[in-house]
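These values consider heavy atoms only, across backbone and side chains, with no hydrogens, waters or symmetry-generated copies.
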Amino acid sequence: METTAIRSRTKIRHLARPRRSEREPGRGGGGGGGSRPMRRERRLYSLLGFLLLLAVVYLNWFPGRDPAAPGGGLKLPVPWLQPRMAFAGRNGTHFVDAATGSPLYVNGWNSYWLLSSRSPALVAEMLRRGRRMGLGVCRTWAFSDGGPDALQISPGRFSEAVFQAMLTRKNSYSGITYCDEPAIFAWELMNEPRCVSNSSGPHLQAWIAEMAAYVKSLDNNHLVTVGIEGFYGPGIAERLGFNPGDWAASLCCDFLQNSAVEHIDFASVHAYPDSWLPKARMEEKVRYLSSWVDSHLNDSENILKKPVLFSEVGYLQHANANTTVDRDILLRVVYDKIYDSARKLQAGGGALIWQLMVKGTHMYHDNFSLVARDHPSTYKLIKEHSCRLQMLHKKEGDPGWQCTIPP
């Protein structure tokens, strides 16, 4: 298992001490000489409880002035301070809040580096910034290759102990085991599986079926997806025209076949028109991307009958410093189609931009990375999309974030 999508817990709830229903034995039965010491003791307990609460708030809210600095604040697992959160579920072709059944459409982002950074302060800062834009899901890699405690010990060899430990690990913030933690949105089996030829296609298909069933046997609370890019295989000739090139049909992946596996709850698709069509003009990329998104929305709605999440949407951030082309148009195409699908209560479950960063994470940058607040037009577009999705079904959003831009 390579990636996971998480929903952050950020609101602190009221801490109430249970009321004592009876006097403790041996405490002066009826109000004689033992009442004054008892009152002093209760006041002391109250004071200590209040100081403990202040300490928890301080240590959780002020991890350090510089998010790029090493270390950070101590995080204490205090489950009763965490907000109540339901699991994400699925009802037919759309995501739902499992507790209420209300539709759930996702605006989120990728920050694959959260685990690699080994910095709680950087992780906390990234989650805070995502929340300020109304982003509800962060997709990150939950694995490591080689070295101590690695999931992949060597090419093709995985540690069963590390895999099971990940599902049974306790969240250090909430104290809840991962398999019971609703702050986790879903598990993804692998990031962009590819093979050198289609002859390996049956092996990949069998692996997806086996691993999806195995994950569900350990954790039946969470949704599971594959992590494929969405390329169509040679099995259905009429779909091949939606691929970005002939090469895409020779990687042993097939969007429809891979996503139809019983224990796969929703389909995943990636979109990188700049990489896939490097010589095309912007108009051609927009036209292609529009067709790519429409095809997967229609197939998810009518054939797979499952939600589809565009789990990586990336476009070059430094294509040409002298250009006046609005590069946000590529992200806008995806957002508009997701919104239209959500408005109809159809299969377009959401989109996650690739990828967002904060200061101090330059070593994890690629040509698609950005610090959102350094790109005002992109920041505004992301926040506007969060607003309109939240307002669409009158869903009560994150209490700590308010939509300030009219939908």
Side-chain angles (χ1 to χ4, degrees), residues 1-7 87-96 98 103-106 108 110 137 139-143 151 158 163 166-167 178-179 182 184-195 198 200-233 235-236 239 242 248 251-271 292-293 295-312 338 341 346-352:
M1 181 186 304
E2 295 211 354
T3 60
T4 182
I6 60 175
R7 298 184 289 171
F87 286 99
R90 168 193 157 201
N91 182 9
T93 62
H94 55 273
F95 298 127
V96 295
L104 178 63
Y105 288 90
V106 173
N110 285 269
V137 172
R139 178 174 174 264
T140 192
W141 290 0
F143 74 100
L151 177 59
F158 296 87
F163 175 71
M166 181 168 61
L167 290 179
Y178 277 10
C179 61
I184 296 174
F185 178 80
W187 296 112
E188 187 174 275
L189 298 180
M190 182 183 290
N191 181 55
E192 299 185 347
R194 291 184 178 187
C195 306
N198 280 330
S200 299
H203 299 291
L204 176 62
Q205 183 71 9
W207 181 88
I208 292 171
E210 180 186 358
M211 290 300 104
Y214 181 53
V215 172
K216 286 289 190 179
S217 73
L218 298 175
D219 176 4
N220 201 37
N221 289 321
H222 291 102
L223 302 172
V224 175
T225 191
V226 181
I228 55 176
E229 295 159 276
F231 301 136
Y232 291 98
I236 305 180
R239 292 292 190 280
F242 294 106
L251 302 174
C252 86
C253 300
D254 183 271
F255 172 71
L256 291 173
Q257 187 179 32
N258 299 158
S259 304
V261 170
E262 178 186 358
H263 295 291
I264 295 300
D265 297 298
F266 64 95
S268 62
V269 179
H270 295 179
W292 175 257
V293 175
S295 174
H296 290 82
L297 289 175
N298 291 333
D299 284 345
S300 298
E301 179 71 25
N302 300 311
I303 298 179
L304 296 173
K305 301 188 185 304
K306 298 179 180 182
V308 57
L309 182 67
F310 289 81
S311 50
E312 290 188 27
I338 291 295
S341 183
Q346 292 183 345
L352 313 179

Heavy-atom closest pair, residues I228 and P193: CG2-CG, 3.6 Å
Nearest-0.5 Å distance that lies between atom CG in N191 and atom CG in N110: 8.5 Å
N/O donor-acceptor pair under 3.5 Å between Q205 side chain and Q257 backbone: yes
Contact summary for L104 and A88, nearest pair of heavy atoms: CD2-CB, 4.0 Å
Candidate pair L309 and S268, rule side chain to side chain contact (heavy atoms under 4.5 Å, CB included), full reasoning: CA-CA 5 Å; L309 182 67; S268 62; 5.6 Å; no
Which value, rounded to the nearest 0.5 Å, describes the distance between S259 atom OG and I303 atom CD1? 11.0 Å
Given F231, which partner from the list N258, L251, D254 fulfils the side chain to side chain contact (heavy atoms under 4.5 Å, CB included) test? L251
Between F266 and F95, ring centroids under 6.0 Å: yes
Calculate, to the nearest 0.5 Å, the distance between atoms CD and CD belonging to E192 and E312 respectively. 5.0 Å
Tell me, do V261 and M211 make a side-chain contact under 4.5 Å, heavy atoms counted? no
For H263 versus V224, what's the shortest heavy-atom pair and its separation? O-CB, 3.8 Å
Y214 OH to L189 CG distance, which is reported to the nearest 0.5 Å: 13.0 Å
Is there a side-chain contact between K306 and T225 in this structure, where contact means two heavy atoms from C-beta onward sitting under 4.5 Å apart? no
Heavy-atom distance under 4.5 Å between the side chains of Q346 and L297, does that happen here? no
I need the D265 CG to H222 NE2 distance, nearest 0.5 Å. 11.5 Å
Do V215 and F163 have side-chain heavy atoms sitting under 4.5 Å apart? yes
Closest heavy-atom pair and its distance - A347, S341: N-OG, 3.4 Å
Could you tell me the separation between the CG atom of L167 and the CG atom of N221, rounded to the nearest 0.5 Å? 11.0 Å
Residue set satisfying ring-ring contact (aromatic ring centres under 6.0 Å, His included) with F255, at least two apart, ordered chain then number -> Y232, H296
Nearest heavy-atom contact between R194 and C253 is CA-SG, 4.2 Å
For I264 versus A212, what's the shortest heavy-atom pair and its separation? CD1-CB, 3.7 Å
